[in-house]
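Before any comments, here is the structure.
Computed from a predicted structure; not experimentally measured. Below, chains carry the letters A, B, ... as their sequence lines are ordered, and counting in each starts from 1.
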Amino acid sequence: MSAINVTLPDGQILEFEAGTTVFAVAAKIGPGLAKAALAGRIDGAIVDLRTPLVGDVALEIVTTRDAQGGDVIRHSAEHVMADAVKRLFPAAQVDAGRSDHSEKFQYDFLVDEPFTPEDIERIEKEMQVILAEGVEFEREVVTRDEAASLFRGLGEELKLSRLSDIPDDAEITIFRHGDFIDLCRGPHVNNTKQIGAIKLTGASGTYFRGDESGPKLQRIYGTAFATRKELKSHLARIEEAKKRDHRRVGVELGLFHMDAVAPGSPFYLPKGTALYNELVDFIRSLYPKYGYHEVLTPQLFRSEVFKTSGHYQKFYDDMYWFDGSDEGEELGVKAMNCPGHCHLFSTGKRSYRELPIRWAEFSRLHRNERSGTLNGITRVRSFAQDDGHIFCEPGQVHEEIASFFEMTNEVYEKLGLEGLEMSVSTRPEQFLGDIADWDIAEKNLIEAVETAGYHCNIKEGDAAFYGPKVEADFRDVLGRAWTLATVQIDTAQPGRFGLRYVGRDGGLHQPAMLHRAVLGSLERFIGIYIEHTGGDFPFWLSPIQVLALPIADRHAPRAREIEKSLAIAGIRAETDDRSETLGFRIRDAEKQKIPLTLVIGDEEVEGGTVSPRLRKSKQAMHAMSAEALIEALQSSNAERRMKPLA
RNA sequence: GCUGGCGUAGCUCAACUGGUAGAGCAUCGGAUUUGUAAUCCGAAGGUUAAGGGUUCGAGUCCCCUCGCCAGCUCCA
């Protein structure tokens, strides 16, 4: 046998015989590491412990300390769950597990009856038994025929179908622990005892390969961690998410109301409307700086416009249509602003001198979203975007994207959102335009992202049908990723609408077109933002910014006076002069997330002062004159500051 | 739209296997006049999502419609 060199993360090089497994390397380094080992990593790719090393490699041992160690544990727990199901329901056929184990695991089963909550409990208990048994995982490389006869023997029809999905030239591996066998690439832990803590989190129905015409399967979800403590903190995080749920917080704060009389369409109460308008005003305030002009285009269009844009063909069922007043006239409620903007561009003779044309619009849009996709205000049928379209010369695209990134950063900074991750989504299966145009556009976008200094992730086939897009994802306080800002190149609509401008050369040229939004859907943004902040909005966005609290009835007139001065100064203020104790009203103000309360008693009335108290603070600030306060708050508003008083 | 679950007062939730719908908060009235996260007393509030069925009797069981939730799918 020939020798190979294994380079460890610390630079140390060890010599082994070719064919040595990852686990053997870990064991050689030390028994502690061998016990903690969950998988290996070679060139960033994760490999199973039982993988034989055939050449010189740089190897890293993945343990529970590694973020990916959790993935291995959850993936292994997934097999244990399927094992438990087979033990309790021998007739169940096993389909496939999950590919992304960063948070949870799942398996789909073909069974006669859906699993009941009691079944789930029994399955979880059986999993605990398997963990306690300390069953060893084994990896085996098999031929296609061996795998086929194995699963045929087990009566696993679905597995045979999955087996045929594997490309001809791919190595076929199976993993087994005890009696349970599955087709799997791994990696897996050595022993079920390494799976410290598991929890089944839910069940739902699904379809084989997501095909609604195919067989119905039952899916069970769960999660697992190396230790009980980690599981507990994960479950606590889910609890925290529930507490921050915008559907709950939005109602508690009196921001909006959802009602069966208009499914998927929010009613904004005055406070929610204040928040909404403040966001729109903010974006609008940046438009002069970034060269946008606002336009207002119709809500209803004859269907021809959407036929031209291509939306009629692709999204007919997802739009609202009705008969117009004229015979045979079909009108569509707009679900996007781009066809209107394209049409508007086409109505005049355009010169290169006026490009780039940047048109923005906040109109309400309506989409007939399928009932099952609706979710609070984050997925609705009636919404508005901070939408905009840029028509420019092809050579100006780079600059426009760079400027858009700049605007995005400015917006997010004021909103206190940090840590953007950029990605480019590439051509989907269904698309309009030429492949060559797509290729150029994709390359342009990737370059623009990298020029702006970001790492560029690629989302294969994830683009809209008319062109590739850049997405800015942000992670909220609970670690969840949300896509907010997007900019997309449109390879289709300028051509379909026959858009032209007169170039320097006097000839007619087709403009490049960009779609872009910083916040995206305002409804969705507000929902996400509520969950991220828990309702503790920045001062400038708070629906009620200041609450005046007179101590006794005799102080109420002065409190009202201050409230009025604040309101005149453009600060959203109210007075709470209810016959309740001060403590009660402060508690109420805290629950309402009001950034600043002003206590007004004898001292303040006499001195013409107010005693401000910041949200969440334990003690009052020093009294200050009402005039000084108003001035300070006005500048906080003007600068859109997070806190009312510096 | 599909699969599963759920729907009781404005909100959060009770009501054992079918046997008189109840509490806290919020609301309203009264008392209290308060100095930085809950003052006390009282009142009102419901065709148990809508409709139909089984039953002596239905919040509870069955059917259907609507909505919501978890997923699937979709996301211009």
[X], nearest nucleotide to its side chain (from [options]):
X      : options             : answer
A:K616 : B:G67, B:A37, B:U27 : B:A37
A:R554 : B:U34, B:A37, B:C68 : B:U34
A:E603 : B:U36, B:G71, B:G35 : B:G35
A:R587 : B:U34, B:U36, B:A38 : B:A38
A:I586 : B:A37, B:G35, B:U33 : B:A37
A:R578 : B:U27, B:U32, B:U3  : B:U27
A:V599 : B:C72, B:G35, B:U32 : B:G35

Which is it for A:E400 and A:R516 under the salt bridge (charged side-chain N to carboxylate O under 4.0 Å, His left out) test, yes or no, and what are the steps along the way? CA-CA 10 Å; A:E400 288 304 312; A:R516 40 104 289 163; over 6 Å; no
How long is the straight-line distance from OG1 of A:T483 back to CD of A:E421, given to the nearest 0.5 Å? 10.0 Å
Taking atom [atom1] in both [N] and [M], compute the distance separating them and give it to the nearest angstrom.
N     : M     : atom1 : result
B:G59 : B:G53 : P     : 15 Å
B:U34 : B:U47 : P     : 43 Å
B:G42 : B:C25 : P     : 12 Å
B:A15 : B:G19 : C1'   : 12 Å
B:G24 : B:C41 : P     : 11 Å
B:C13 : B:G7  : P     : 11 Å
B:U27 : B:C63 : P     : 42 Å
B:U73 : B:C16 : C1'   : 42 Å

Does [N] have OP1 or OP2 sitting under 4.0 Å from an N or O in the side chain of [X]?
X      : N     : answer
A:R219 : B:U3  : no
A:R613 : B:A37 : yes
A:T581 : B:U39 : yes

Let me have RNA chain B in dot-bracket notation, would you? Count Watson-Crick plus G-U wobble pairs, both distances under 3.5 Å, and use [ ] for pairs crossing earlier ones and | for inter-strand partners. (((((((..((((.....[..)))).(((((.......))))).....(.(((..]....))).))))))))....
For [X] and [N], what is the distance between atoms [atom1] and [atom2] respectively, to the nearest whole Å?
X      : N     : atom1 : atom2 : answer
A:R381 : B:C66 : CZ    : P     : 12 Å
A:F584 : B:C40 : CZ    : C1'   : 13 Å
A:E580 : B:C28 : CD    : C1'   : 13 Å
A:D245 : B:C11 : CG    : P     : 15 Å
A:L253 : B:U12 : CG    : P     : 14 Å
A:I551 : B:U39 : CD1   : C1'   : 16 Å
A:E590 : B:U36 : CD    : C1'   : 10 Å
A:E604 : B:U36 : CD    : C1'   : 11 Å

Between the protein and nucleotides 43-52 of chain B, which nitrogen or oxygen pairs come in under 3.5 angstrom?
none

So does A:R572 get a backbone contact from the side chain of A:Q545, meaning a donor-acceptor N/O pair under 3.5 Å? yes
Main-chain N/O of A:K242 paired with A:R248 side-chain donor or acceptor, under 3.5 Å: no
At under 4.0 Å between heavy atoms, what does A:G601 touch on the DNA or RNA strands: base, sugar-phosphate, or nothing? base
So A:L549, base contact, sugar-phosphate only, or nothing? Heavy-atom distance under 4.0 Å. nothing
A:R364 and A:E523: salt bridge (charged side-chain N to carboxylate O under 4.0 Å, His left out), yes or no, with the steps? CA-CA 11 Å; A:R364 292 208 74 76; A:E523 278 63 21; 2.9 Å; yes
Carefully, step by step, assess A:E369 and A:R379 under the rule salt bridge (charged side-chain N to carboxylate O under 4.0 Å, His left out). CA-CA 8 Å; A:E369 301 282 4; A:R379 189 74 184 269; 3.0 Å; yes
Please list, for nucleotides 74-76 of chain B, all pairs of protein and nucleotide N/O atoms separated by less than 3.5 Å.
{"residue": "B:C74", "atom": "O2", "partner": "A:R379", "partner atom": "NH2", "Å": "2.7"}
{"residue": "B:C74", "atom": "N3", "partner": "A:R379", "partner atom": "NH1", "Å": "3.4"}
{"residue": "B:C75", "atom": "O2", "partner": "A:R379", "partner atom": "NH1", "Å": "3.3"}
{"residue": "B:A76", "atom": "O3'", "partner": "A:Y466", "partner atom": "OH", "Å": "3.2"}

Would the number of heavy atoms belonging to other residues, nucleotides or ligands and lying under 6.0 Å from NE2 of A:H532 be above 12? yes
Evaluate the ring planes of A:Y529 and A:F537, with Trp represented by its six-membered ring, and classify them as parallel (under 30°), tilted (30 to 60°) or perpendicular (over 60°). parallel
Presence of salt bridge, A:R587 and A:E590, under 4.0 angstrom: no
Indicate, with yes or no, if the rings of A:H389 and A:F345 have centres closer together than 6.0 Å. no
